[in-house]
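What follows is a single structure, written as structure tokens, with notes after it.
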Amino acid sequence: MNKFIRFSFILILMVSLFVPSFQVEAKTVRDLKNELQKLLDENNNLNQQIKYTESQINSARSNITRLNSEIEKIQNEYAQTEKEITALNVKISEKDIEAKNLVSFLQMTNSNNFYYEYIAGAESMTDFIYRLTVTDQLLEHNKKVTVEMNDMISQNNLKKQQLTTAEKTSKSKVSELNSNLAVLGSKKSDLYEFNMSVEEEIKESQKILKMYTDAGCKDNDDISTCARLPLDTSFWRPMETGWVSSYYGWRFHPIYKENRFHDGIDLVGNRQIYSVAAGKVAAIGYNHSTMGNYIYIHHLVNNKYYTSVYLHLKSGSINVRVGDVVSKNTVLATMGSTGASTGTHLHLSIATGRRGIDYTTYSTFVSRTVDPKTLINFPSGTGSSNSWLSRTRKY
Ligand SMILES: [Zn+2]
């Protein structure tokens, strides 16, 4: 016995060790909401990054514009400096010619011939000396001016060098900015594309979330079970006993006094109303002028979705809540005469698909309605003489 207990304990321990690895953590509606929020945050973050990249692109562009105008200025200055150098060179060559002339004059004055001629025909020695002195001074002056101008030329050449360096620097900055711009541009388009896919995910995520919340799933509900409908294979009549007072199809409406399409079947009899098939309560509401108190239920019968709706229910009699799983034996409410009704009866409509999940509008619901007679066995004819006496007996 002791051995058996020990063995059992070990067996339980072994099983319990293996079980957790098969358990998948339940995903709730709140998890879906959190995932959606993460996507929205990511979207927001990406939009900010795109904006920031755009501002970087704009600043790079304005820097390029500024540098290009600086380069233009440098080039103008360079051209100006070259002009100055040319002008200085012209002046230097002029001074050169002047100097040459003066030198040739001096050579002339220095020649014996000149002295001879001058002495021979000298009129004024003072004049001669004066000329000689002035020429000397002029030569000196020319030399000085030429040196100064050469100095200016070399200064200008230096300036040219500096301008060339500055231009080079600016141009390399521009090319650097241009390559930055290319990088930023591709970064922006990458961010944009990524954000597009995030936005697609957001749309998808919102659709899925809406599907679960429309199906009545609450924040803490496990999505693998909350939206699943119980399966069924047939529809039953919604009351234990009763009869048909008005069939599905075109008819003369008792209140509106005109031909109207009757999108369901009107039933009278036992007032306790059951669900026509297993399913889940999709919506409960009240509409004063038409439906009165009503209940929508989603079904999955023979692998096909349906929505049944029960109208004119007695006020305060509704026995279920949205999201409740119901069976054929669940009492939904009591028959009444709320909304557009001339007397106590149940209006039952059945449509294909799940209203609120597969489609939303009432007009779509109406267009999808089927004749309840094709799904539920009702005795033919109307009135109490054509009553059924149980929910399942075939007629
Ligand atoms: Zn009706």
Side-chain angles (χ1 to χ4, degrees), residues 235-277 279 281-299 301 306-320 326 328 330-356 359-388 391 395:
F235 288 96
W236 286 5
R237 289 184 286 266
M239 300 113 69
E240 290 288 355
T241 58
W243 64 88
V244 177
S245 65
S246 182
Y247 281 99
Y248 176 90
W250 286 98
R251 64 164 188 182
F252 188 77
H253 198 278
I255 291 179
Y256 304 114
K257 308 285 180 205
E258 60 179 26
N259 275 322
R260 284 210 178 187
F261 187 76
H262 190 219
D263 59 31
I265 196 164
D266 290 344
L267 308 169
V268 184
N270 191 304
R271 299 199 171 177
Q272 211 167 45
I273 293 164
Y274 295 91
S275 178
V276 290
V281 180
I284 291 172
Y286 175 74
N287 184 300
H288 174 75
S289 59
T290 55
M291 300 156 87
N293 293 303
Y294 62 86
I295 299 174
Y296 276 93
I297 297 181
H298 290 158
H299 307 280
V301 177
Y306 293 94
T307 301
S308 64
V309 65
Y310 311 77
L311 308 187
H312 315 304
L313 303 171
K314 189 180 168 188
S315 288
S317 74
I318 291 173
N319 198 33
V320 289
V326 296
K328 276 171 172 150
T330 305
V331 175
L332 302 177
T334 306
M335 193 185 286
S337 191
T338 55
S341 169
T342 50
T344 300
H345 77 286
L346 170 70
H347 170 107
L348 169 72
S349 287
I350 301 175
T352 57
R354 292 160 299 174
R355 185 178 175 198
Y359 54 92
T360 52
T361 63
Y362 182 71
S363 58
T364 311
F365 173 81
V366 170
S367 73
R368 281 167 161 264
T369 54
V370 290
D371 186 346
K373 218 170 56 182
T374 62
L375 297 171
I376 305 171
N377 176 271
F378 287 107
S380 49
T382 57
S384 57
S385 56
N386 295 306
S387 293
W388 68 84
R391 290 184 67 199
Y395 289 95

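Counting starts at 1 for both ligands and their atoms, following the listed order.
- Using a 3.5 Å distance cut-off with no hydrogens or angles, the side chains of Asp263 and Ser349 do pair a donor with an acceptor.
- Within His347, ND1 is the N, O or S atom that lies nearest to the Zn ion (ligand 1).
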With side-chain contact (heavy atoms from CB on, under 4.5 Å) as the criterion, how do Tyr248 and Ile350 come out once you've worked through the C-alpha distance, each side chain's angles and the decisive distance to 0.1 Å? CA-CA 10 Å; Tyr248 176 90; Ile350 301 175; over 6 Å; no
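- Tyr359 and Thr361 share no donor-acceptor pair across their side chains, judged by distance under 3.5 Å alone.
- Evaluation of the ring-ring contact (aromatic ring centres under 6.0 Å, His included) rule for Phe365 yields Tyr296, Tyr362 as partners, not counting sequence neighbours.
- Distance check for His312 against the Zn ion (ligand 1): none of its N/O/S atoms falls below 2.8 Å.
- The angle subtended at the Zn ion (ligand 1) by NE2 of His262 and OD1 of Asp266 is 100°, given to the nearest 10°.
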